[in-house]
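All ligand and atom numbering here is 1-based and tracks the order in the structure.
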Amino acid sequence: MKATETPLAECLLIEPKVYGDARGWFMESWNREPYAALGIGPEFVQSNLSRSARGVLRGLHYQWPNPQGKLVSVLEGEVFDVAVDIRRGSPTFGQWAGVMLSAENRCQFWVPEGFAHGFVVLSESALFSYLCTAPYDAAADANVAWNDPSIGIEWPVEDPSLSAKDAAAPLLHQIAGDRQPIFTGRD
Ligand SMILES: Cc1cn([C@H]2C[C@H](O)[C@@H](COP(=O)(O)OP(=O)(O)O[C@H]3O[C@H](C)C(=O)[C@H](O)[C@H]3O)O2)c(=O)[nH]c1=O
């Protein structure tokens, strides 16, 4: 497994080792110890799947309180996946990191607790899969505007399809204090 740092030091691009042979291929999509050694997880309590059509953008989402770390990947298609540091007091507050995830590159992206997350679909459709370190809590579910100019994400899609909730998301500076993750220093 190869881990690559991104502009957000805690957010890692993971390239699992793939064992190919005449039958096809095999890879470990998660293994507690080697992933925990990278600061990923260590425990996951929920696994999600979502399917989206080309041009759909889901995000930017986070939970606070009860934040979720997410290990995300794509089982079919291709997405541009983004993490944003929204932790008050963080040295990289308001900064973003984007990676290409696809069924072809089999890469994973680690989005730690306290970061907002979103993706836009670049293929005809995409089957998105992710593990979460905490269960879904509708009362803690929150979002930030995908196109917040203070974050300045360079999305590769100009006019994405959004849910009504995401179309109405607040800007980063409009998030209420009790809904904003707090930077507690790197472990
Ligand atoms: C996330 C979630 C949603 N739901 C229900 C709530 C709604 O009735 C329905 C769709 O929810 P939502 O529109 O929030 O789904 P997404 O837009 O895919 O949100 C997710 O996509 C972005 C990219 C994320 O990073 C988050 O994991 C998550 O917010 O599923 C559940 O029952 N459990 C869950 O864990």
Cationic N near anionic O, under 4.0 Å, [X] to [Y]:
X: E78; Y: R54; value: no
X: K70; Y: E113; value: no
X: R51; Y: E76; value: yes

Does [atom] have a protein heavy-atom neighbour under 4.0 Å away?
atom: atom 30 (O) of ligand 1; answer: no
atom: atom 16 (P) of ligand 1; answer: yes
atom: atom 9 (C) of ligand 1; answer: no

Contact (N/O only, under 3.5 Å) between [X] and ligand 1:
X: R58; value: yes
X: Y136; value: no
X: Q46; value: yes
X: H117; value: yes

N48 heavy atoms, cut-off 4.0 Å: which ligand 1 atoms fall inside?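 Within the 4.0 Å cut-off of N48, ligand 1 contributes 35 (O).
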Transitively linked via ILVMFWY side-chain contacts under 4.5 Å: L12 with F80?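 Different hydrophobic clusters.
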Using the ring centroid of each side chain, check whether F93 and F183 are separated by less than 6.0 Å.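 Ring centres of F183 and F93 not closer than 6.0 Å.
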Per-residue contact class, Q68 against ligand 1 - non-hydrogen pairs under 4.0 Å: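 No part of Q68 is near ligand 1 at this cut-off.
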Region of F128 that comes within reach of ligand 1 [heavy atoms, distance under 4.0 Å]: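 No part of F128 comes within reach of ligand 1.
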With under 30° as parallel and over 60° as perpendicular, where do the rings of F26 and Y19 fit, or are they tilted in between?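 Ring orientation, 0 to 90° scale: tilted.
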Shortest protein heavy-atom distance from atom 11 (O) of ligand 1, along with the residue and atom involved: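 Of the protein heavy atoms, K165 NZ, 4.9 Å lies nearest.
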